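In what follows, every chain begins at residue 1, and chains take the letters A, B, ... in the order their sequences are listed. Keep in mind it's a predicted model, so treat the numbers as computed, not measured.
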Amino acid sequence: MDGSRTDFVVRLAGESGEGVLSLGEMLTTALARLGYEVYTFRTYPAEIKGGTVLYQVRVADHVLLSYGSHVDVFVALNEEGYHDNVDSLRPGGTLIYDSDNVPTHELPGRCVIPIPIGTIAKKEIGSVLTKNVVALGAILRFIGAPVEAGERIAEETFKRKGDEVVQKNYQALHAGYNYISQFADCTKPLLHGVEQVNTERLIINGNEALALGAVHGGLGLYAGYPITPATDIMEAVAPILPRFDGVLMQAEDEISALGMVLGAAFAGKRAMTATSGPGLSLMVEQINLAGQAEIPAVIVDVQRGGASTGLPTKSSQGDLNLALYGVHNESPRVVLAPTSVEDCFYLIQHALNIAERYQVPVIVLSDQSLAHRRCTIPKPDLARVPRWDRIVPEPGTNGEYARYKITETGISPMAIPGMKGLAYTATGIEHNEYSDPTYTPENLQAMKTKRFRKLDHLNQHYAEQFVRIWGDPDGADVGIIGWGSTEGVIREAMELAGREGVRAAALYPKMLLPLPVRIIEEFASRVKKVLVPEKNFTGEFAAYLRAQTRIEPISYAKDTGLPFDPEDVKEQIIRVARM
Amino acid sequence: MDGSRTDFVVRLAGESGEGVLSLGEMLTTALARLGYEVYTFRTYPAEIKGGTVLYQVRVADHVLLSYGSHVDVFVALNEEGYHDNVDSLRPGGTLIYDSDNVPTHELPGRCVIPIPIGTIAKKEIGSVLTKNVVALGAILRFIGAPVEAGERIAEETFKRKGDEVVQKNYQALHAGYNYISQFADCTKPLLHGVEQVNTERLIINGNEALALGAVHGGLGLYAGYPITPATDIMEAVAPILPRFDGVLMQAEDEISALGMVLGAAFAGKRAMTATSGPGLSLMVEQINLAGQAEIPAVIVDVQRGGASTGLPTKSSQGDLNLALYGVHNESPRVVLAPTSVEDCFYLIQHALNIAERYQVPVIVLSDQSLAHRRCTIPKPDLARVPRWDRIVPEPGTNGEYARYKITETGISPMAIPGMKGLAYTATGIEHNEYSDPTYTPENLQAMKTKRFRKLDHLNQHYAEQFVRIWGDPDGADVGIIGWGSTEGVIREAMELAGREGVRAAALYPKMLLPLPVRIIEEFASRVKKVLVPEKNFTGEFAAYLRAQTRIEPISYAKDTGLPFDPEDVKEQIIRVARM
Amino acid sequence: MEHTQTLSVETQPIARQPKDYKSDLEPIWCPGCGDYGVLNALFKALSQLNIDPDRTVLVSGIGCSSRLPGFVVTYGFHGVHGRILPVATGIKLANPELTVIGVGGDGDGYSIGMEHFPHACRRNIDITYLVMNNQIYGLTKGQTSPTSSPMFVTKTTPFGNVEGTLNPLQIAIVSGATFVARGYSSMPNQLARIIAEAIRHPGFALVDVFSPCVTFNKVQTFDYYKGRVYEVPETHDPTDKFAALKLAEEEERFPIGILYRVERPTLDEQVAMIKQRAHTDNPSVEHLFRRFQ
Amino acid sequence: MEHTQTLSVETQPIARQPKDYKSDLEPIWCPGCGDYGVLNALFKALSQLNIDPDRTVLVSGIGCSSRLPGFVVTYGFHGVHGRILPVATGIKLANPELTVIGVGGDGDGYSIGMEHFPHACRRNIDITYLVMNNQIYGLTKGQTSPTSSPMFVTKTTPFGNVEGTLNPLQIAIVSGATFVARGYSSMPNQLARIIAEAIRHPGFALVDVFSPCVTFNKVQTFDYYKGRVYEVPETHDPTDKFAALKLAEEEERFPIGILYRVERPTLDEQVAMIKQRAHTDNPSVEHLFRRFQ
Ligand SMILES: Cc1ncc(C[n+]2csc(CCOP(=O)(O)OP(=O)(O)O)c2C)c(N)n1
Ligand SMILES: Cc1ncc(C[n+]2csc(CCOP(=O)(O)OP(=O)(O)O)c2C)c(N)n1
Ligand code: SF4
Ligand code: SF4
Ligand SMILES: [Mg+2]
Ligand SMILES: [Mg+2]
């Protein structure tokens with residue numbers, strides 16, 4: 001790391017339920033407000049209490065693409081956390097640990113700073129609850145941040161608990177801050193001033209960005225059922241939506257949530273739900289109904305780790321198959337995947353637009369690492385995604401309205417209850433243009449073709465805007481085709497590989513169904529080899545590419561519950577280049 | 001048709017609810033008992049009354065592979081049925097119609113026999129309910145069958161309604177039989193005597209064969225929820241299972257049905273459910289649990305037409321994707337597909353075996369055309385499929401039993417409640433060998449690898465016995481790779497193509513997941529081109545083959561709600577051969 | 001639903017005839033099916049209230065009975081099996097001005113649909129739910145339903161039904177429904193009146209209708225009900241929960257009419273109240289960004 | 001369940017201690033969580049009945065409470081969210097000799113699990129169902145559940161809960177459950193007794209237990225229940241359905257004990273009866289072939 005630049009990683013590990021997450025969030029916000037870029041990652045046990053929480057912040061004076069590979073400062077607040085993570089601390093890095101909880105350890109080649117955090121909090125401040133603020137003070141001092149940065153965030157965090165609590169936390173902050181001064185030889189500041197503090201940024205995570213984007217996108221009804229790691233989308237929408245004349249309902253389960261969404265969409269509102277794998281599984285039947293009866297719906301799936309209940313607080317990209325293929329017989333659907341926190345804000349608006357315009361269910365595949373990745377993003381452009389409205393028919397005479405009219409685009413103007421003379425019955429039974437149940441082979445062919453034609457239209461007209469290419473594919477040693485939350489890490493890995501003489505380019509389609517086949521094949525034809533990295537076990541995206549395109553991807557599928565490590569992906573790029 | 005051989009097709013069409021199906025079933029059974037081979041197809045509207053029912057019987061003195069392309073005798077009982085089907089009657093064929101319902105029509109090049117069926121039934125017999133038996137008599141006489149064949153079936157069918165009803169139906173039968181004699185010039189008998197009547201055959205359909213096979217396979221619990229066209233599996237099992245010490249439960253929905261199956265399997269019984277697409281959709285979440293927690297389960301999916309409610313009484317092969325990929329994140333499962341009515345009897349036993357031995361969910365993909373295809377099959381060999389038992393651990397000490405022990409095969413001995421000292425908690429959370437929730441990347445990798453290893457083992461050791469090859473692939477112009485119920489038609493189409501100088505071979509894997517990749521690739525390497533015909537819209541199997549193998553299949557996907565027509569497939573074979 | 005609140009059934013000048021609600025699609029039910037009576041009563045009730053078909057949605061599931069929306073010239077949503085109530089809830093929340101009526105069978109509503117039934121009751125969403133209860137699965141050709149009688153014999157219960165029979169009226173009452181009635185397909189005027197009252201009722205209104213399946217149910221036939229049904233006595237106080245529960249505790253004779261009727265805030269009213277409480281002038285996402293700076 | 005039928009609780013020589021039922025896995029609940037009390041009462045009840053752990057299955061769904069089976073040294077089935085009752089039914093039907101106990105939360109059982117709850121009641125399957133009712137979703141960090149109180153504030157109901165509160169006891173009673181009780185996590189002996197009685201009861205036994213979530217529910221706390229719970233009066237006749245319904249119609253004070261207890265044939269008994277009626281000597285599939293010849 002260049003001495004005059006800022007780019008370092010702090011990892012916090014401590015007992016679940018002991019305030020580690022909030023310590024991480026305070027630290028992150030404090031640093032972001034000083035003008036730094038931040039990029040975080042968290043993982044925690046599935047239980048409410050017990051087990052170790054891990055929070056990692058990377059801080060830099062330039063845009064960040066990953067949460068980093070090597071830890072510069074490791075803050076260990078419990079023994080299990082210490083043991084599980086100490087190996088990640090790079091040579092020359094610093095260990096700060098709570099000496100009340102973690103026994104003394106020698107760490108050759110690393111600085112070691114013990115702080116009796118609990119003792120300070122209890123004895124000096126008189127409240128064990130201030131432990132994490134003591135730690136905050138220590139960390140801020142260690143990395144060279146002004147204590148005021150901590151004061152502001154402490155005030156904000158605790159002000160609703162009253163002045164006394166704020167004062168106690170000020171004390172705690174300073175106690176931690178001052179305690180560190182005795183370790184002067186370790187404290188070579190890692191923070192280097194930023195030129196100018198950019199206030200046109202947000203410090204936000206994927207779920208929050210998605211929630212705001214949805215509200216901005218005209219959401220009329222949100223129906224959901226709690227499930228980790230999607231719940232906080234609902235929690236972010238709940239206090240806001242009624243102000244925008246929308247309705248939020250906690251349903252009795254995911255089937256009901258989607259039923260409410262379909263009802264609301266049928267009745268003319270933009271509607272969505274968000275869930276994770278188990279919930280998406282339960283929605284399969286009604287997603288199909290939406291495709292067949294041509295009802296708009298947006299379903300966000302925040303993928304989590306493991307099959308069945310699996311690893312509910314971990315991350316994976318394991319639901320692609322279910323999103324693409326989770327339908328008996330065949331009806332159209334669209335699958336989108338945001339690639340960054342910023343993208344969450346925009347892509348959900350596209351999802352609402354596509355659902356509305358094409359009268360299809362749209363599944364948005366996020367994942368836990370993206371959902372809870374708190375980082376700095378440029379303040380979103382509220383005008384970037386123009387609203388697409390539903391195509392509605394002219395008022396008519398009841399009995400004459402061809403709800404499922406066969407058109408060139410496949411889109412049939414869709415009436416909204418209340419419109420005059422357009423009463424019709426939406427149905428999941430195969431039907432003719434007038435929505436009457438019809439069982440002939442000819443009708444089946446005609447209607448199924450019409451319905452799928454909508455996807456062709458979407459693909460032909462809009463595929464390009466959903467594809468991002470990084471680097472120059474022409475003659476690249478390795479062309480990476482990836483999807484979803486891995487984009488940043490992959491870009492960083494490309495850079496790392498570049499330093500070792502391997503040139504890579506990357507293509508990220510944010511629209512996975514319909515798949516922009518032409519663009520993908522064109523990209524593949526320009527690179528020497530195609531590598532498809534993804535966070536699952538069987539290589540779902542690679543198999544999908546093989547099925548749908550003529551390219552021959554090399555799959556790198558790795559399922560750990562954690563995001564990719566840029567170093568690890570770099571190795572893969574180099575390996576493939578040398579194959 | 002060679003004059004001394006028997007091979008003809010009778011198609012019946014009439015109003016739903018007017019006894020057309022039972023007429024078809026009586027005719028089929030009567031002819032089969034005379035020693036002929038029969039092969040039937042039926043299609044009917046989704047409503048209970050109204051619309052047209054179609055029943056087609058092909059009759060021959062040799063083994064039949066399809067329900068035929070051309071109709072020799074068309075029996076029209078209502079006007080709509082007449083119009084929809086008259087074009088299928090081949091030149092030289094005969095139309096028999098109910099002149100009370102169908103207006104007189106000229107049919108150049110065809111014999112036309114009007115019978116006032118309703119009038120005969122009402123006036124002569126005194127009961128309109130006997131209409132279909134009047135028709136039965138007429139048909140039997142027309143094709144040259146003895147009236148006694150009709151008497152026996154009429155007696156059997158009506159005996160539980162009392163002697164008087166039987167007598168009335170005798171009269172009706174004879175009235176129809178005699179009425180026909182006036183059309184002597186049309187009645188060139190189509191039936192030619194069979195040498196010897198083989199009594200070692202069954203006249204049975206796919207659902208019935210599957211139900212018997214399951215009971216023979218040791219079924220301990222059947223839990224189901226009614227859905228067309230799977231309900232009759234439950235209805236066939238219901239009266240039998242308690243005799244074999246088994247239990248049948250009608251659950252409140254499909255989720256509950258599968259829940260009961262998992263509970264029973266956990267407790268040591270062989271258990272299954274049967275459903276169709278909408279029900280399979282609802283089962284997705286718990287199929288995944290079965291894969292993850294390693295609980296045996298057999299789920300039969302009798303595919304029907306259309307997406308969502310679609311075409312519930314029609315046929316398709318549209319659920320392959322859902323069966324293969326309907327899982328969030330990834331857990332192992334097995335997918336089997338019977339290719340014939342006979343196969344239904346055996347394959348369900350394999351399904352129960354595999355579920356039990358490998359502790360996985362097994363999905364069996366049948367479809368409406370196979371389910372309701374009543375035909376003659378050789379009497380099944382009850383010894384052909386030996387029972388595979390569950391691998392259970394030795395009695396132990398509670399707390400020491402490694403339920404999910406990592407083994408070479410991936411199979412961990414599974415205790416059954418009641419066994420001493422082996423108490424454990426099955427869980428869908430990611431777990432270690434002792435079933436304790438465990439969230440580390442290393443454990444995830446180890447356990448997921450172990451679970452999927454079971455599929456590798458199954459594939460390596462048993463794939464071959466689930467593959468049938470027809471014809472000689474070496475140098476064949478076209479190598480067909482198909483799946484499921486189309487096998488017979490494809491074989492017939494191959495023969496037809498052969499007569500036109502195109503040589504085809506066919507491979508049918510009855511195990512679709514794990515896919516016998518090596519065998520398929522080997523087959524493909526020996527033929528000139530690979531054609532994949534299937535009854536769906538998007539070509540699901542062809543895409544799957546592209547994803548999983550190195551072959552380049554040509555897809556022929558056709559979704560009509562009806563089975564393939566051998567002539568149509570022949571055309572495709574020839575087209576591909578000439579490509 | 002302004003019109004139902006400001007107008008009374010009796011004085012409403014009838015502008016639409018029952019036949020005006022009939023669509024071009026012919027019902028596909030078996031001749032004699034009880035559902036014809038329900039359909040006609042619904043036509044009558046709609047015309048009595050002079051309901052605007054363009055502002056009405058019938059929501060159904062899957063079953064013979066669930067085909068009803070296609071036969072009525074209102075908006076309709078013929079969804080999947082068992083999900084009437086979530087869909088109806090979504091419609092009503094999206095546009096409280098609409099009259100929303102769920103229509104379906106006992107299998108659809110009380111078997112697979114049980115997931116949603118008590119929840120719709122407790123939410124008191126302002127919709128009407130009309131169940132054509134024939135105590136059997138019609139469309140799948142005659143299997144037991146949760147309301148089938150003990151030892152009922154079908155092809156799936158050849159030894160007789162050994163599951164207890166559900167009492168949907170009592171479940172509705174204890175779950176918080178505010179209007180609970182029973183109708184009978186062969187008492188069309190009575191049924192029309194009940195349906196009209198149910199539609200007018202602000203809150204969740206269950207109308208469970210005996211609607212015999214003449215093809216598959218050979219026990220609960222029209223004959224069976226003759227002499228077994230009787231009108232809810234005038235003396236019955238429909239606001240008395242326990243009296244209603246007692247009346248619903250049927251054994252051999254079945255009360256027809258309104259068993260229970262009370263008022264409490266509906267879900268849609270409460271949601272409107274929340275909107276009011278949350279109200280801000282010119283809400284903007286720009287403004288929300290501040291929380292993330 | 002021979003042992004529960006032939007032995008009475010009181011005279012049973014205690015061979016297994018409560019601690020003998022404890023597994024090696026440490027509960028992961030927050031300190032002070034009500035579920036600890038339930039777990040201890042269950043240990044006690046099992047030991048009172050001297051239940052054989054190797055012949056017992058605890059079935060759970062997903063939630064904090066649903067982690068319970070792992071902490072008990074019996075067989076366990078920790079399935080997916082909301083499906084306790086189908087799985088428990090399958091186990092009991094497969095092997096009626098087993099003692100089958102469902103354990104889970106109010107969200108698991110009364111929200112998503114509502115699909116199965118009334119059906120299990122009406123079937124009267126001989127299992128015990130223990131619901132740790134904390135009136136909140138614990139594991140997902142505090143959202144409203146169907147038993148949450150009106151205007152309860154959570155992150156998903158920032159303006160207060162506007163859905164009605166379900167009464168699981170009444171639903172169980174009208175749906176056909178034959179044993180309905182309420183327990184309280186802080187009354188361990190009482191709770192152990194109720195659980196033991198529930199296990200002994202032949203038929204579907206619901207034990208709904210107030211088991212406060214100390215981390216997320218700041219309304220229904222241990223303090224809240226103090227003074228609000230009271231024992232079911234001795235004078236109460238648990239075979240009187242309407243008396244039980246009245247007792248369950250709680251408002252401010254909550255009766256703890258057995259509210260309802262009657263007997264009728266269990267599902268497993270009836271299934272055994274069907275097997276007997278269907279009995280044939282040496283049944284063979286060969287024989288069945290005849291019907292198809
Ligand atoms: C998920 C699902 N499961 C099963 C079915 C099959 N099915 C169609 S209608 C029906 C039951 C019909 O009974 P009911 O609701 O009482 O209506 P009825 O026909 O008696 O009017 C069933 C089980 C289905 N369509 N979807
Ligand atoms: C299908 C599905 N939806 C949602 C979830 C997420 N989830 C886990 S536990 C839970 C609710 C827990 O509440 P409760 O059953 O009352 O248990 P408690 O934690 O309060 O003991 C939910 C919604 C899930 N696991 N599966
Ligand atoms: S089957 Fe029964 S419910 Fe269905 S239409 Fe016929 S009579 Fe009515
Ligand atoms: S979150 Fe609540 S229910 Fe869960 S363990 Fe903690 S106190 Fe108990
Ligand atoms: Mg019904
Ligand atoms: Mg709870």
Using ring pair (Phe, Tyr, Trp, His ring centres under 6.0 Å) as the criterion, list what pairs up with D:F216, not counting sequence neighbours. none

Chain D and chain B: which donor-acceptor pairs fall below 3.5 Å?
unit_1: D:D52; atom_1: OD2; unit_2: B:K420; atom_2: NZ; d: 2.9
unit_1: D:D54; atom_1: O; unit_2: B:G418; atom_2: N; d: 2.6
unit_1: D:D54; atom_1: OD1; unit_2: B:N398; atom_2: ND2; d: 3.1
unit_1: D:D54; atom_1: OD1; unit_2: B:G421; atom_2: N; d: 3.3
unit_1: D:D54; atom_1: OD2; unit_2: B:G421; atom_2: N; d: 2.9
unit_1: D:Y75; atom_1: OH; unit_2: B:I416; atom_2: O; d: 3.3
unit_1: D:Y75; atom_1: OH; unit_2: B:M419; atom_2: O; d: 3.0
unit_1: D:G76; atom_1: N; unit_2: B:Y424; atom_2: O; d: 2.8
unit_1: D:G76; atom_1: O; unit_2: B:A426; atom_2: N; d: 2.9
unit_1: D:H78; atom_1: N; unit_2: B:A426; atom_2: O; d: 2.8
unit_1: D:H78; atom_1: O; unit_2: B:G428; atom_2: N; d: 3.4
unit_1: D:H78; atom_1: ND1; unit_2: B:T427; atom_2: OG1; d: 2.8
unit_1: D:A94; atom_1: O; unit_2: B:K269; atom_2: NZ; d: 3.1
unit_1: D:H116; atom_1: ND1; unit_2: B:E252; atom_2: OE2; d: 2.8
unit_1: D:R123; atom_1: NH1; unit_2: B:E252; atom_2: OE1; d: 2.9
unit_1: D:R123; atom_1: NH2; unit_2: B:E252; atom_2: OE1; d: 2.7
unit_1: D:K275; atom_1: NZ; unit_2: B:D245; atom_2: O; d: 3.1
unit_1: D:K275; atom_1: NZ; unit_2: B:D245; atom_2: OD1; d: 3.2
unit_1: D:E286; atom_1: OE2; unit_2: B:K379; atom_2: NZ; d: 2.8
unit_1: D:F292; atom_1: O; unit_2: B:I203; atom_2: N; d: 2.6
unit_1: D:Q293; atom_1: O; unit_2: B:R33; atom_2: NE; d: 3.0
unit_1: D:Q293; atom_1: O; unit_2: B:R33; atom_2: NH2; d: 3.2
unit_1: D:Q293; atom_1: NE2; unit_2: B:T199; atom_2: O; d: 3.2

Counting heavy-atom pairs closer than 4.5 Å to chain D, which one of B:A265, B:G399, B:P242 comes out on top? B:P242

Check each atom of B:L202 against the heavy atoms of chain D and say whether the ones under 4.5 Å are side chain, backbone, both or neither. both

Kindly compute the distance separating CD1 (B:I203) from CZ (D:F289), expressed to the nearest 0.5 Å. 13.5 Å

Heavy-atom pairs under 4.5 Å with chain D, option from B:L241, B:L258, B:L221, B:I416 with the top count: B:I416

Given side chains that start at C-beta, do those of B:F266 and D:V87 come closer than 4.5 Å, heavy atoms only? no

Note: B:G263 and D:I91 closest approach over all heavy atoms is O-CG1, 3.2 Å

Quick one: which of B:A271, B:G421, B:A251 has the most heavy-atom pairs under 4.5 Å with chain D, could you say? B:G421

Side chain, backbone, both or neither: which part of D:L58 has a non-hydrogen atom closer than 4.5 Å to chain B? neither

So CG of B:L248 and CD1 of D:I274: to nearest 0.5 Å the spacing works out to 9.0 Å

Just jot down the side chain to side chain contact (heavy atoms under 4.5 Å, CB included) partners of D:A88, sequence neighbours excluded, or say none. D:V59, D:V100, D:I127

Relative to chain B, which segment of D:V271 carries a heavy atom at a distance below 4.5 Å: side chain, backbone, both, or neither? side chain

Partners meeting side chain to side chain contact (heavy atoms under 4.5 Å, CB included) with B:A211 (sequence neighbours left out): B:I233, B:A236, B:V237

Chain B interface, residue from D:A94, D:A278, D:P86 that has the most non-hydrogen pairs under 4.5 Å: D:P86

Non-hydrogen atoms of chain D under 4.5 Å away: do they reach the side chain of B:I240, the backbone, both or neither? side chain

Where on B:L262 is there a heavy atom nearer than 4.5 Å to chain D: the side chain, the backbone, both, or neither? both

Does any heavy atom of chain B fall under 4.5 Å from the side chain of D:V73, the backbone, both, or neither of them? both

By a 4.5 Å heavy-atom criterion (distance strictly below it), what part of D:L25 contacts chain B: side chain, backbone, both, or neither? side chain

Please state whether the side chain, the backbone, both or neither of B:P380 comes within less than 4.5 Å of a heavy atom of chain D. both

Ignoring hydrogens, what is the shortest heavy-atom contact between D:L98 and B:P417? Give both atom names and the distance. CD1-CB, 3.8 Å

